[in-house]
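Quick notes on the structure that follows.
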Amino acid sequence: MKPYLEVITFKLKAGVSEQDFYAVHEAFRAFLDAQTGLLYRTLAKHPENETFIDIIYWQSKADIAKVEESFYDDARCKALMDIVDSESVVMSQNEIIAQSCNS
């Protein structure tokens, strides 16, 4: 079983503030934190083009599939998708082949 890296980029819908996003994001974070196989997650935002990038490390591709099964039925995920511009969403799932760390 190889670890996987999921990368999602997205923008918020027009008229949605960052404060609105962060309020919804906290509930979504609780959803993710409860998922089996979650190793590590980083959420960042490009300072110039308002694009968010969500980088999630999973123990396996099967863990991603399990999350996908419950994602669209969970109210916290639906709330997140209600404020995200669906046309802007780009997702990829990648097998990790090497890692480095200085700490």
Side-chain angles (χ1 to χ4, degrees):
M1 184 166 41
K2 294 184 177 182
Y4 262 71
L5 171 67
E6 187 172 34
V7 179
I8 305 121
T9 60
F10 61 93
K11 291 184 177 185
L12 301 178
K13 286 182 178 174
V16 175
S17 71
E18 276 194 49
Q19 289 72 28
D20 295 337
F21 170 71
Y22 292 128
V24 171
H25 174 263
E26 283 304 306
F28 176 69
R29 192 173 91 180
F31 165 82
L32 275 182
D33 288 347
Q35 301 306 308
T36 301
L38 175 67
L39 296 174
Y40 183 78
R41 177 179 183 236
T42 297
L43 176 66
K45 182 183 149 204
H46 191 283
E48 296 173 8
N49 67 16
E50 305 295 316
T51 298
F52 289 85
I53 182 168
D54 205 350
I55 302 169
I56 308 170
Y57 289 80
W58 298 99
Q59 289 180 349
S60 70
K61 188 172 184 176
D63 293 324
I64 297 173
K66 288 178 189 171
V67 171
E68 288 177 341
E69 289 175 12
S70 59
F71 182 89
Y72 293 102
D73 293 328
D74 188 282
R76 296 166 292 188
C77 300
K78 288 180 181 178
L80 178 67
M81 293 312 296
D82 284 345
I83 63 171
V84 167
D85 175 3
S86 61
E87 297 293 319
S88 71
V89 176
V90 178
M91 298 177 62
S92 69
Q93 299 169 354
N94 311 276
E95 185 177 299
I96 296 173
I97 56 172
Q99 291 178 291
S100 298
C101 184
N102 284 335
S103 57

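Every value quoted in this text rests on a predicted model; they were computed, and no experiment measured them. Below, each value reflects all heavy atoms present in this structure, side chains not excepted, and no hydrogens, waters or symmetry copies.
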Atom NZ in K11, atom CG in D85: separation rounded to 0.5 Å? 8.5 Å

Taking atom CD as the centre, does E95 end up with more than 12 heavy-atom neighbours from other residues, nucleotides or ligands that are less than 6.0 angstrom away? yes

Is the shortest side-chain heavy-atom distance between I53 and V7 below 4.5 Å? yes

Side-chain heavy atoms of Y40 within contact of I55, under 4.5 Å: no

At what distance, to the nearest 0.5 angstrom, does OG of S88 lie from NZ of K13? 10.5 Å

In Å and rounded to the nearest 0.5 Å, what is the CG to OH distance from N94 to Y57? 10.0 Å

Look up atom OG1 in T36 and atom CG in D63, then write down how far apart they are to the nearest 0.5 Å. 7.0 Å

At what distance, to the nearest 0.5 angstrom, does CG of L5 lie from CD1 of I97? 11.0 Å

Any chance you could measure L39, atom CG, to W58, atom CH2, to the nearest 0.5 Å? 8.5 Å

In chain order, what residues pass the side chain to side chain contact (heavy atoms under 4.5 Å, CB included) check against Q93, with sequence neighbours excluded? Y4, E6, K61, I64, E68

I'd like to know if V89 and F71 are part of one continuous hydrophobic network [Ile/Leu/Val/Met/Phe/Trp/Tyr, side-chain heavy atoms within less than 4.5 Å]. yes

For residues 20-32, dump all side-chain donor-acceptor pairs below 3.5 Å to protein atoms at least two apart in sequence or in another chain.
{"from": "D20", "atom 1": "OD1", "to": "S17", "atom 2": "OG", "distance (Å)": "3.4"}
{"from": "D20", "atom 1": "OD2", "to": "S17", "atom 2": "N", "distance (Å)": "3.2"}
{"from": "D20", "atom 1": "OD2", "to": "S17", "atom 2": "OG", "distance (Å)": "3.2"}
{"from": "Y22", "atom 1": "OH", "to": "E18", "atom 2": "OE1", "distance (Å)": "2.9"}
{"from": "H25", "atom 1": "NE2", "to": "R41", "atom 2": "NH1", "distance (Å)": "3.0"}
{"from": "H25", "atom 1": "NE2", "to": "R41", "atom 2": "NH2", "distance (Å)": "3.2"}

